[in-house]
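Model, not experiment: these values are computed from the prediction. For the numbers below, each heavy atom of this structure counts, side chains included, while hydrogens, waters and symmetry mates do not.
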Amino acid sequence: MVPGILKIVLQSIKFYRKPVLYQVLIIALLSAVITGSLLTGRSVRASLKKSASERLGNTGILISSGIRYFDAELAQRMKDSAGINCTGILEINGYCQSLSSQKGAFNTHIYAVNNDFFTFNGDDSLIINQGEIAINKRLADYLAVKPGDDIIIRFKEISDIPADAPFAPAKDAGKSVVMRIGTILQPAYTGNFSLSISQIMPMNVFMNLSDLENEHGKSLKINRLLIDKKNVSSLSKITDDFKRDLRPADIGLRLRRVKKTRQTELISDRVFIDAAIVKEISNLLPSSAPVITYLGNRFMAGSRSTPYSFVSALPLSIYPEIATGDDIIINKWMADDLSVNEGDSVEMYWYSPDSLNKLIERSNRFVIKKIVEMQGIWSDSLLMPDFPGISGRESCSDWDAGVPIKMNEIRTKDEAYWNKYRGTPKAFISYEKGKELWGNNYGPATALRFPEALTEKEIEHKLSGSLDPRQSGFTFTDLYGDAIKAANESVDFGTLFFSLGFFLIVASVVLLSFAVSSYFDSKREQINTLFALGFKNRWIERLLFLESLSIGLIGCFIGALAGYLVNILITRALNSVWQGAVQTDTLDAFISVVPVLTGFLITILTTMILMMIKIRRYLNTLNRKEKEIHRRPSPRRNLLLLRYSFILTI
């Protein structure tokens with residue numbers, strides 16, 4: 001390199017500063033578009049990861065029971081036995097309203113938690129006192145409330161029994177509690193906690209689980225178990241640990257002794273026991289036998305009728321005297337009421353939900369096989385499931401059976417039977433027939449009975465740690481892994497906006513080409529002077545290359561800085577007018593070395609390739625000898641170029 005060439009480059013740039021400025025601005029625009037697009041892609045993914053981290057806190061694996069509930073002690077048991085840091089919560093949806101402004105917020109996420117929830121998420125200082133709640137900043141801003149204000153929280157009745165299950169009590173509008181705001185949580189302090197996949201910032205309420213317990217007068221269960229991501233080795237190990245610690249009581253299965261038969265039976269808080277659980281227990285304890293008890297609307301024999309009677313379908317393995325097929329056994333009270341004898345027929349009517357869960361009255365004719373006295377196994381009131389709207393009621397007129405009850409059909413003798421015998425079934429059929437008539441999506445049994453030889457302790461020991469949690473409605477999800485994977489595999493907005501800015505990039509390259517040509521034309525006298533002074537083509541080419549490189553570096557540097565501004569503008573647009581593209585309003589503009597460096601290199605390479613082409617063409621033009629030939633442009637060639645340009649533009 002000839003000494004002094006850098007000085008010549010600087011003086012040349014200074015002398016031709018106006019055309020140099022045009023090139024710098026065009027290169028800066030080109031660099032800003034490319035760098036801004038790449039930064040936007042990185043910002044979207046970084047924002048999604050940040051949002052996932054804020055939403056999940058320290059949650060790694062989620063164990064969910066869906067719409068079911070399980071015992072909160074299971075969380076403590078997993079802590080003690082497996083050394084796993086976990087916490088249990090009750091997640092429900094509800095509605096909040098400010099008492100002062102009366103403004104309400106629908107679809108509010110309500111989390112009933114113990115104080116270890118915040119310790120689990122790394123905050124040992126936060127405690128929710130009884131009677132107080134913590135809400136996140138978004139809900140506070142939406143309701144325009146502050147600490148110390150009171151709000152109304154409304155949510156649906158919490159029950160183990162699904163609302164559309166047979167004989168589920170009719171639901172009221174829900175429960176309402178008035179709570180005082182103790183703390184407003186920022187996003188960085190679990191304020192935006194969410195277990196859903198939505199990127200929309202939630203409106204959250206955190207309350208003490210004991211407040212709900214006091215509200216309902218009994219200990220509530222939970223429906224979510226959060227496992228710390230630091231303790232997660234594998235999803236299969238967590239599943240195995242959970243299964244090992246799972247007991248029947250955790251999923252609402254209770255054992256009780258039946259005095260009338262000296263048997264032990266297993267019943268469910270959900271009334272009906274799932275088919276999968278029935279099958280699983282039958283495999284573990286082959287001597288178990290399912291029982292299903294149903295409410296009949298009425299029994300009819302001729303013109304006589306007995307209203308609202310329970311009927312039990314019993315297994316032959318434990319009740320060898322039970323009728324089979326369309327035979328039925330009735331007790332003497334019903335036989336006297338209907339004035340029937342053995343061998344007579346009775347018609348039974350009951351409500352059954354159809355595919356749309358609409359109640360349809362169905363019927364079946366039975367032949368009386370036997371009439372039994374109200375004693376021994378035929379006077380077992382525990383055969384009636386613990387229907388919440390029926391059990392414990394003082395009279396039949398107080399029933400809330402979840403089906404239409406015709407009060408005018410209930411007689412004094414029916415009330416007397418209820419007062420004396422409660423839900424003791426008046427009729428008995430075979431289990432297979434009962435399953436055919438009354439089996440439903442919620443389970444084919446209301447109880448599982450075991451032979452007298454099996455004790456409660458033996459049954460409990462056999463079932464504990466053996467029940468598959470998935471068969472009980474539990475799901476296991478690597479929530480943190482899925483959230484990060486979703487963020488990494490999200491739409492590449494860098495490529496997207498790079499594509500959307502394609503025409504702007506092409507336009508910048510075309511403008512730069514014109515600007516460079518104009519710049520070189522203005523330097524014609526300078527280059528000719530250098531030729532006259534004896535400088536070789538290679539030296540002049542280096543001079544022009546260094547000038548172009550200096551201009552390109554300045555333009556790319558300015559453009560890289562401007563790219564961050566482009567990133568900010570695009571990010572704001574994605575949070576507002578373009579929100580439908582990302583389904584979130586929580587994106588932040590991030591600065592990152594890799595996309596800035598990538599955009600810088602792409603722009604400088606593109607610029608220098610264009611510059612080298614222009615430099616060589618320019619020097620070749622200066623070296624070409626002038627000939628006295630006038631060349632007319634080819635109309636055909638121009639027409640072809642015009643057509644190709646038109647097609648390329650489309």
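Annotation: cation-pi pair Lys229/Tyr480 present, NZ/CZ under 6.0 Å from the ring centroid and within 45° of its normal.
For the residue pair Arg422/Ser381, the side-chain donor-acceptor check at 3.5 Å is not satisfied. Counting only N and O atoms by type, the side chains of Ser65 and Asn223 include no donor and acceptor under 3.5 Å apart. Between the side chains of Ser391 and Asp386, at least one donor N or O sits under 3.5 Å from an acceptor N or O. Defined by atom type and a distance below 3.5 Å, a donor-acceptor pair is missing between the side-chain atoms of Ser464 and Arg247. Side-chain polar atoms of Asn136 and Asn192 form a donor-acceptor pair below 3.5 angstrom. Side-chain contact of Asn297 with Glu361: a donor-acceptor pair under 3.5 Å is present, judged by distance alone. With hydrogens and angles left out, the side-chain atoms of Ser395 and Asp398 include a donor and acceptor closer than 3.5 Å. A donor-acceptor pair shorter than 3.5 Å cannot be found between the side chains of Glu456 and Thr264.
Residues that satisfy the salt bridge (charged side-chain N to carboxylate O under 4.0 Å, His left out) test with Lys137, not counting sequence neighbours, are Asp141. Listed by chain and residue number, nothing satisfies the side-chain hydrogen bond (donor to acceptor under 3.5 Å, both in side chains) test with Ser352 (two or more places apart in sequence, or in another chain).
The two atoms that bring Cys96 and Ile151 nearest to each other are SG-CD1, 4.3 Å, heavy atoms only. Shortest non-hydrogen contact noted between Tyr421 and Thr424 is O-OG1, 2.7 Å. Among all heavy-atom pairs drawn from Asp245 and Ser81, the shortest one is OD2-OG, 2.8 Å. When all heavy atoms of Gly296 and Met348 are compared, the pair lying nearest together is CA-CE, 3.8 Å.
When ring centroids are compared, Phe242 and Phe476 come within the 6.0 Å threshold. No close placement of the Tyr294 and Phe310 rings is indicated, their centers lying 6.0 Å or farther apart. Aromatic rings of Phe428 and Tyr319 (six-membered ring for Trp) have centroids beyond the 6.0 Å cut-off, not under it. Ring centers of Phe117 and Phe193: under 6.0 Å apart, within the cut-off.
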Kindly determine whether Asp468 and Glu280 satisfy side chain to side chain contact (heavy atoms under 4.5 Å, CB included), including the steps that lead there. CA-CA 8 Å; Asp468 185 353; Glu280 191 174 15; 3.2 Å; yes

Val205 vs His109, side chain to side chain contact (heavy atoms under 4.5 Å, CB included): CA-CA, chis, key distance, verdict: CA-CA 6 Å; Val205 173; His109 298 276; over 6 Å; no

Could you give me the CA-CA distance, side-chain angles and deciding distance for Arg138 and Leu185, then say whether side chain to side chain contact (heavy atoms under 4.5 Å, CB included) is met? CA-CA 9 Å; Arg138 188 186 179 205; Leu185 297 174; over 6 Å; no

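Between Phe106 and Tyr95, the ring planes are tilted. Angles from 30° to 60° get that label.
When the shell of 6.0 Å around OH of Tyr69 is examined, it contains more than 12 heavy atoms from other residues, nucleotides or ligands. For Lys435, the NZ atom counts as loosely surrounded, since its 6.0 Å shell holds 12 or fewer non-hydrogen atoms of other residues, nucleotides or ligands.
With a 4.5 Å cut-off on side-chain heavy atoms, Phe450 and Glu265 do not count as touching. Under the 4.5 Å side-chain criterion, counting only non-hydrogen atoms from C-beta, Phe120 is in contact with Leu226.
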